[in-house]
Number of protein chains: 2
Amino acid sequence: MGLFLSTIINKVDRKGRVSVPAQFRSTLAGQSFSGIVLYRSFTLPCIEGCGMDYMQRLSDSTQELAAFSPEHEELSSLIFADSRPLPWDPEGRILVPEDLLAHANITETAAFVGKGQTFQIWEPGAHTALLADIRNRAQKSPPTLRLSPAPRPGPSNGGAP
Amino acid sequence: MGLFLSTIINKVDRKGRVSVPAQFRSTLAGQSFSGIVLYRSFTLPCIEGCGMDYMQRLSDSTQELAAFSPEHEELSSLIFADSRPLPWDPEGRILVPEDLLAHANITETAAFVGKGQTFQIWEPGAHTALLADIRNRAQKSPPTLRLSPAPRPGPSNGGAP
DNA sequence: GGATAGGATGGGATACCATGGGATAGCATG
DNA sequence: CATGCTATCCCATGGTATCCCATCCTATCC
């Protein structure tokens with residue numbers, strides 16, 4: 001499965017339609033549902049996005065964990081209640097619901113921001129500001145990124161040629 | 001199998017009929033029973049809903065777990081006793097029994113709330129209030145949603161053979 | 001530099017969905 | 001057996017989302 005990478009800014013037309021970046025669409029190619037799933041971020045003025053398979057995984061893990069964590073249960077049901085499956089049209093566009101646009105203060109343009117397994121949709125200005133802020137703080141106290149070990153036992157063509 | 005996602009608010013007409021959201025209907029497409037199963041929530045002022053297949057699964061797991069968990073046994077028999085299968089009409093509407101509406105304080109409009117494998121039906125105001133509360137708490141203590149690892153193509157599943 | 005393909009955008013036409021109300025069939029009751 | 005009530009079907013309507021087609025832009029290749 002591919003990853004959502006980079007930031008792409010597209011227009012919101014007067015009907016509320018937005019083109020999902022071709023790059024993102026190809027990341028989701030082959031999934032059962034031809035479209036994306038959107039829900040409002042809990043903590044940020046942006047829209048969270050993912051594919052249906054991701055939602056399915058969320059559902060599966062919820063089933064398992066419900067017994068151990070009521071909060072987890074609560075939280076995931078919040079997501080399910082708030083998330084909209086949005087199929088794209090033949091041109092690769094989706095119709096973004098009004099309240100989602102409002103939550104992220106999106107009017108003219110929308111920034112699709114890759115987050116790896118998922119992505120976010122921002123009002124471009126707001127996202128730029130956030131990035132600048134993060135970058136600023138990172139400069140003062142350099143962060144450390146820790147990778148989990150690569151699950152790569154031999155045979156795959158991972159060796160450097 | 002599809003998931004129940006998002007929240008859709010529909011009207012209850014003077015005959016007590018409500019349209020089951022087309023989205024939910026298509027989630028249930030292909031099941032033997034053309035309709036939904038409703039029962040009163042034990043803990044909340046809302047109606048629990050699911051497809052007939054889900055009831056079947058509930059029954060199956062009850063058979064298996066009965067020996068280990070008497071509570072599960074009791075709980076599911078409560079559900080079965082209270083459940084009503086409600087077929088939808090050619091337009092996709094169901095006739096919701098009076099006592100269910102009363103239990104959820106539903107009069108004019110009903111909110112169909114996706115919960116993944118199942119869904120709930122709420123009086124829209126009551127549900128909004130509950131969600132706001134959950135969202136509030138989620139905002140204060142940043143939620144950590146932990147997914148079970150993605151079904152990664154390769155050696156990952158099942159540990160080291 | 002020019003041609004080309006894929007992607008993004010705009011707008012009109014159409015099908016689908018939620019809703020309302022009348023007509024009809026099924027059921028229980030007296 | 002008659003009567004009244006309820007549930008189901010059928011048709012009509014308004015609004016919206018979806019499709020389809022045309023245009024434009026940009027990155028790419030020759």
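Just so it is clear, the values below take in all heavy atoms, side chains as well, and ignore hydrogens, waters and symmetry mates. The structure displayed is predicted, hence computed values, not measured ones.
- Counting only heavy atoms from C-beta outward, the side chains of Asp99(A) and Leu101(A) never approach each other to under 4.5 Å.
- Rounded to an integer number of Å, the gap from Ile8(A) CD1 to dT26(D) C1' is 15 Å.
- Residue Asp13(A) contributes atom CG, which lies 8 Å from atom P of dG11(C) at whole-angstrom precision.
- Atom pair Gln23(A):CD and dG6(C):P shows a separation of 17 Å (rounding to whole Å applied).
- Rounded to whole Å, the distance from CG on Leu95(A) to C1' on dA8(C) is 17 Å.
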Begin with the C-alpha distance, continue with both residues' side-chain angles, and end with the deciding distance and a verdict on salt bridge (Lys or Arg N to Asp or Glu O under 4.0 Å) for Arg17(A) and Glu91(A). CA-CA 11 Å; Arg17(A) 293 179 299 186; Glu91(A) 283 76 41; 6.0 Å; no
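- Interface remark: the Arg93(A) side chain does form a donor-acceptor pair with the dG10(C) base, using a distance-only criterion of under 3.5 Å.
- For the pair Pro21(A) and Val18(B), nearest-nucleotide mapping onto DNA chain C gives the more 5' position to Pro21(A).
- What separates CG of Asp89(A) from P of dC16(C) is a distance of 16 Å, to the nearest Å.
- Applying the 4.0 Å criterion to OP1 and OP2 of dC19(D), one finds that Arg17(A) has every side-chain N and O outside that range.
- What separates CZ of Arg25(B) from C1' of dT19(C) is a distance of 12 Å, to the nearest Å.
- Between Glu91(A) and Lys15(A), the residue anchored nearer the 5' end of DNA chain D, judged by the nucleotide with its closest heavy atom, is Lys15(A).
- In this structure, Ile9(B) atom CD1 and dT19(C) atom P are separated by 11 Å, rounded to whole Å.
- Close to dG21(C), at under 4.0 Å from its OP1 or OP2, lies a side-chain N or O of Arg14(B).
- Ring to ring, Phe24(B) and Phe119(B) are close: their centroids are under 6.0 angstrom apart.
- Nucleotide dT26(D) holds its P atom 11 Å from the NZ atom of Lys11(A), rounded to whole Å.
- Considering only heavy atoms from C-beta on, Leu130(B) comes within 4.5 Å of Trp122(B) through its side chain.
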